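These figures come from a predicted structure and were not determined experimentally.
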Amino acid sequence: MELKSIIESILFSSQKPLTVRELREVLSVTADKSDDIFINSLKKTKDEELQQVLAELETEHSLLGRSFRLACVAGAWQFVNQPEHAPWLKTLFGEKIRPPRLSQAGLETLAIIAYRQPVTRAEIEQIRGVAVDGVMQTMLDRGLIENAGRAEVIGRPMTYRTTVDFLEYFGLKNLEDLPSADELRRIPVTKPKTLVTADAVGTGEVANAEVVVETEKETTDLPAEQSCEEEPKA
Amino acid sequence: MPENTVQLEIFEGPLDLLLYLVKKEEVDIYEVNLTRIATQFIDFIEQMRSLDLDIAGEFLVMASTLMYIKSRELLPVDKQALVEDEDDEDDPRWDLIRQLVEYKKFKDAAGQLQVKEALQEDIFARVPGKPEFEREESPRHPNLSIFEIIGAVSSILKRYHQREESRDVFADRWTVSEKIENIVLVLKTKAVLQFSELFGQTTSRVEVVVTFLALLELMRLKQIRVTQSEPFSEIEITEAPREDFATTKIEEPTPPSDIGTAIPIVQPPLFPL
């Protein structure tokens, strides 16, 4: 018997998604109740080991191409169906109860917060070019974003970040799981030599100029509590 | 501009409108002719005004930026007002394009989030039911021996010292099948029947014996479960859970039609008294 099949079995029978910490707890409590040498040996299973096993299970299940897969949402693992079978499952269970879909403005605002957090309202408005008060309030009310303390700049404006609910709503493992995360956190913009303005088309050679302007925020180090590796704090 | 007349898309802001105009030009964002875009932008605002639509302040700010860019271009390079320090960063065209590029990336990211949002509606998690293990019954005295039941009955029988005169002939006032029906009926309305309750109403030795036989018959058919929470405590009678019928089916060689049907009818009383 190997750890992988034990973990699979626990997740298969669990009534809720389990984090690495909860899985470790199950192993540990089982070891305490048993005299078996093998069961006892699992007491000292490390988080990294569990991560590894979970990642392997995830890959194995996806390679098998079954009707279900192992998914990690906001740091917790569980078995879910493949979306293409939704029509039949909806007949079985009825439509999922979900809040109404987000507006375009909401999605844009959320995208900016997700990639740039912690971020102030002014920074969001700078990127979107419009006021965001209304849409920010909606996101706060829906629990998709939260206050993240004040920025140490003039006026000490409030900063915002996404919540665990945000990850769950979009089915994301962690913030690294955001689409094209690397690209959006730090955007190098290359200025062309000539910018076309006049009606007559400018004098060519637009690309490969040397000026690389990077946006000030280079948040590669994300808040660790929202990643799958270090599960969210309760 | 005639091509703008059918334009009814909702724009999230001036940058969104600019992006739309750039996209219509079908050129790279860096190569876009801002002067032409500026003209289209202002046309669009004019049109919104003619339709009596509220124009957000942001659109007007953008229009003025575009006009500034356009006006700068009208002057020959040597006549252009010197910007305080000739830095690339201060080129209003560049500022605008940079802003547009950044906005575009987030607009695309928002689009990807939207896809994930829709996808999430189609994903159902496997939520198994919690297995029922009859938690409160497991610590009970499950294998109540026949001697304990007999002991219980004989203690009840002690209530009726007198034996009926053996030579008296009388009609059967109680039958096992009646008693079986009775017990099954009581268990339909009551989850747990105490052993003493069962014999509480009995009036004679014969009735006690008949009731006891009914009890044994029901146990044999696994229709009821007789348990004791601890030794020497009250014996309790409960309806057997459904699973027990299933196991009965497998274990017993009797035809499956027997199971689940009313016992008194199918099974004639084994002990006619």
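Contacts between Ala38(B) and chain A at a heavy-atom distance below 4.5 Å are absent for every atom of the residue. Contact annotation for Leu172(A): only side-chain heavy atoms (C-beta onward) come within less than 4.5 Å of a heavy atom of chain B. Heavy-atom distances place no part of Phe68(A) under 4.5 Å from chain B, backbone and side chain included.
Most heavy-atom pairs under 4.5 Å with chain B, from the set Gln104(A), Arg101(A), Gln78(A), Lys90(A): that is Arg101(A). Between chain A and the options Asp108(B), Val127(B), Leu113(B), heavy-atom pairs under 4.5 Å are most frequent for Leu113(B).
Here the side chains of Thr65(B) and Asp95(B) are not in contact, with every heavy-atom distance at 4.5 Å or above.
Scanning for side chain to side chain donor-acceptor pair (under 3.5 Å) contacts around Gln99(B) gives an empty result, with sequence neighbours left out.
A salt bridge links Lys4(A) and Glu56(A); the closest N-O separation between the charged side-chain nitrogens and carboxylate oxygens is under 4.0 Å.
With Arg126(B) contributing its side chain and Ser13(A) its backbone, the two residues share no donor-acceptor pair below 3.5 Å.
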Distance-only check: which donor-acceptor pairs under 3.5 Å involve side-chain atoms of residues 125-137 of chain A, not counting sequence neighbours?
unit_1: Glu125(A); atom_1: OE2; unit_2: Val132(A); atom_2: N; d: 3.1
unit_1: Arg128(A); atom_1: NE; unit_2: Glu108(A); atom_2: OE1; d: 3.0
unit_1: Arg128(A); atom_1: NH1; unit_2: Thr109(A); atom_2: OG1; d: 3.1
unit_1: Arg128(A); atom_1: NH2; unit_2: Glu12(B); atom_2: OE1; d: 3.3
unit_1: Asp133(A); atom_1: OD1; unit_2: Arg121(A); atom_2: NH1; d: 2.9
unit_1: Gln137(A); atom_1: NE2; unit_2: Asp141(A); atom_2: OD1; d: 3.1

